[in-house]
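Order of listing sets the numbers, starting from 1, for every ligand and every atom in it. One is the number of the first residue; the rest follow in order along the sequence.
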Amino acid sequence: MDIGIIGLGAVGLFISSKLSERHDVTGYVRNQKQLNEIRENGIQINKDRYQIRVKTIERLQKHDLIIICVKQPHLAYLMPILNSLDKTCLLFIQNGLSHIQMIQELNHFIMLGVCEHGVSKVNSHQVQLNGLGQIKVGDFQEHNDAKHIQHQLYASDFPVFYDDDIIQTMNEKVIVNSVINPLTALFDIENGQVITNPYLKKIAYQLSKEASEVLEMNCEKSWEKVQEVAHNTKNNVSSMLVDIRMKRTTEIESINGYIVKQSKIDVPTQSNMYHLIKAKEINH
Ligand SMILES: NC(=O)C1=CN([C@@H]2O[C@H](COP(=O)(O)OP(=O)(O)OC[C@H]3O[C@@H](n4cnc5c(N)ncnc54)[C@H](OP(=O)(O)O)[C@@H]3O)[C@@H](O)[C@H]2O)C=CC1
Ligand SMILES: CC(C)(CO)C(=O)C(=O)O
């Protein structure tokens, strides 16, 4: 397949490299320095090197599939650029849920994805794989072809699965992120401490409960999932903590902000997380 990948951060670099083994991959970046470094060094994951074509975003062209791996705050900028392309398949891989509204306006076949790999960016052309997980993809609208595309993307060392209820899976993930991400970002701690510190664990439970009520999910199952992810990724630095450390805008609007906006009931712990992270962002 001819595949374009927008955003060569942790997730984009990882996906581009793995797909480049079987597909024709073009990565799109927004700064010339990163472009030069990838052209010069290729992409490095742990000790392996991969070569892909790389261009700046202004030169985006149509591909059979375009995978969008930028963070939520950067999606709005891409909307007119994507809409100027002839109709094709777009796959959005973001944490959070606020993009669901935005992408409805796109005149393309749209798929959504959930990334469960643990990857962190070492520098502009190098990522570290902390844990091989999987990617789940599903159709956003009816009559799409996510199953067919999933089949083409799948490889045993790069598992991609079809999910016939991707929104449900994204709801489950946003609950986990609404607990782990702000707590780790506020206290500058690794994921595991959210459940090993007894005081934080109480707040974590309250966050999980509020989010589950708003999204009409089973509270106990959600809490089990939060604990499972916190345990399995106990030594990870969450993506929100990475953003806070790098003094970048976080995805709080699309995670806790989304839950607060969706809520018809009072969700004080979720609302507090939202305001505390926004307060930290102001200091950047
Ligand atoms: N990292 C992880 O393990 C996981 C991440 N996710 C989710 O995946 C998404 C991506 O995360 P992650 O890869 O960690 O994020 P990163 O911040 O590492 O990467 C995002 C990349 O997008 C680039 N970018 C932003 N705007 C543009 C643009 N207009 N054109 C081209 N490139 C652009 C950024 O460029 P620049 O460097 O120039 O700013 C950056 O390289 C997020 O929603 C995240 O929550 C989900 C699961 C796990
Ligand atoms: C699951 C978790 C919390 C893993 O770090 C994540 O998705 C993130 O950091 O955004």
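Remark: the backbone N or O of Val229 is paired with a side-chain donor or acceptor of Thr233 at under 3.5 angstrom. Judged purely by atom type and a 3.5 angstrom limit, His74 has no side-chain atom pairing as donor or acceptor with the backbone of Gly7. Looking at Glu190, its side chain never comes within 3.5 Å of a backbone N or O of Ser238 through a donor-acceptor pair. A distance-only check finds a donor-acceptor pair linking the side chain of Glu210 to the backbone of Gln270 [under 3.5 Å]. Looking at Asp266, its side chain never comes within 3.5 Å of a backbone N or O of Pro268 through a donor-acceptor pair. His108 places no side-chain N or O within 3.5 Å of a backbone atom of Leu90 that could act as its donor or acceptor partner.
Residue His74 approaches ligand 1 through these ligand atoms, each under 4.0 Å from one of its heavy atoms: 25 (C), 26 (N). Against a heavy-atom cut-off of under 4.0 Å, Asn31 is close to the following atoms of ligand 1: 38 (O). Here is the list of ligand 1 atoms found below 4.0 Å of a heavy atom in Ile57: 30 (N). Ligand 2 places these atoms under 4.0 Å from at least one heavy atom of Asn95: 7 (O), 8 (C), 10 (O). Against a heavy-atom cut-off of under 4.0 Å, Tyr77 is close to the following atoms of ligand 1: 29 (N). When each atom of ligand 1 is checked for a heavy atom of Lys173 under 4.0 Å away, the hits are 46 (C), 47 (C). Each of the following atoms of ligand 1 lies closer than 4.0 Å to a heavy atom of Leu8: 41 (O). Within the listing of ligand 1, atoms 29 (N) sit less than 4.0 angstrom from a heavy atom of Leu78. When each atom of ligand 1 is checked for a heavy atom of Ile93 under 4.0 Å away, the hits are 8 (O), 9 (C).
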Between Ser120 and Gln128, does the side-chain hydrogen bond (donor to acceptor under 3.5 Å, both in side chains) criterion hold? Intermediate values first, please.
CA-CA 5 Å; Ser120 42; Gln128 185 177 311; 4.9 Å; no
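When all heavy atoms are compared, the tightest approach of Ile135 to Cys115 is CG1-CA, 4.2 Å. For the pair Gln51 and Ile38, the tightest heavy-atom approach, listed with the atom from each and the gap, is NE2-O, 3.9 Å. When every heavy atom of Ile195 is checked against every heavy atom of Lys201, the shortest pair comes out as O-CD, 3.4 Å.
Residue contact annotation: His117 has a non-hydrogen atom under 4.0 Å from ligand 1. Residue contact check for ligand 1: Lys55 places no non-hydrogen atom closer than 4.0 Å to it. Contact between Lys173 and ligand 2 is present, with at least one heavy atom of the residue lying under 4.0 Å from the ligand. Using a 4.0 Å heavy-atom cutoff, Val229 is listed among the residues neighbouring ligand 2.
Below 30°, between 30° and 60°, or above 60°: for Trp223 and Tyr205 the angle between ring planes is above 60°, a perpendicular geometry.
A 4.5 Å side-chain heavy-atom check between Val174 and Leu215 finds at least one atom pair inside the cut-off.
Atom 35 (O) of ligand 1 has Arg30 NE, 3.5 Å as its closest protein atom, hydrogens excluded (heavy atom only). Closest to atom 47 (C) of ligand 1 among all protein heavy atoms lies Cys115 O, 3.2 Å. In terms of protein heavy-atom proximity, atom 42 (C) of ligand 1 is nearest to Glu251 OE2, 3.3 Å. Atom 33 (C) of ligand 1 has as its closest protein heavy atom Val70 CG1, 3.5 Å. Of the protein's heavy atoms, Gly7 CA, 3.8 Å lies nearest to atom 23 (C) of ligand 1. The nearest heavy-atom contact from the protein to atom 9 (O) of ligand 2 is Ser239 N, 2.8 Å. Given atom 19 (O) of ligand 1, the protein heavy atom at minimum distance is Gly9 CA, 3.1 Å. Distance from atom 2 (C) of ligand 1 to its nearest protein heavy atom, with residue and atom name: Val119 O, 3.6 Å. The closest protein non-hydrogen atom to atom 2 (C) of ligand 2 is Asn177 ND2, 3.9 Å. In this structure, the protein non-hydrogen atom closest to atom 5 (O) of ligand 2 is Asn191 ND2, 2.9 Å. Nearest protein neighbour of atom 46 (C) of ligand 1, counting heavy atoms only, is Asn95 OD1, 3.4 Å. Here the protein heavy atom with the shortest distance to atom 3 (C) of ligand 2 is Asn181 OD1, 3.4 Å.
Under 4.0 Å from ligand 2, not a single heavy atom of Thr184 appears. Proximity of Met246 to ligand 1, defined as any heavy-atom pair under 4.0 Å, is not found for any part of the residue. Using a 4.0 Å cut-off between heavy atoms, Cys69 contacts ligand 1 through its backbone alone, with no side-chain atom that close. At a heavy-atom distance under 4.0 Å, only backbone atoms of Val29 (N, CA, C or O) approach ligand 1. Contact annotation: for Tyr28 versus ligand 1, heavy atoms closer than 4.0 Å belong to the backbone alone.
Side-chain atoms of Gln72 and His99 form a donor-acceptor pair, as typed in the model, at a separation below 3.5 Å.
When the heavy atoms of Lys121, Lys71, Gln94 are ranked by distance to atom 17 (O) of ligand 1, first place goes to Lys71.
A salt bridge links Glu281 with Lys278: the distance from a Lys NZ or Arg NE/NH1/NH2 to an Asp or Glu carboxylate oxygen falls below 4.0 Å.
When only interatomic distances are considered, the shortest N/O to N/O separation between Thr233 and ligand 2 does not fall below 3.5 Å. At under 3.5 Å, not a single nitrogen or oxygen of Ser238, backbone or side chain, sits near a nitrogen or oxygen of ligand 2.
Note on Phe14 and Leu65: same hydrophobic cluster, where clusters join Ile, Leu, Val, Met, Phe, Trp and Tyr whose side-chain heavy atoms are under 4.5 Å apart, directly or indirectly. With hydrophobic clusters built from ILVMFWY side chains whose heavy atoms lie under 4.5 angstrom apart, Ile166 does not share a cluster with Met111.
Both the sub-6.0 Å distance and the 45° axial angle are satisfied by Lys87 relative to the ring of Phe109.
Put simply, NZ on Lys173 and OG on Ser178 are 12.0 Å apart, with the number rounded to the nearest 0.5 Å. One finds the CD atom of Gln32 at 7.0 Å from the CZ atom of Arg39 (value rounded to the nearest 0.5 Å).
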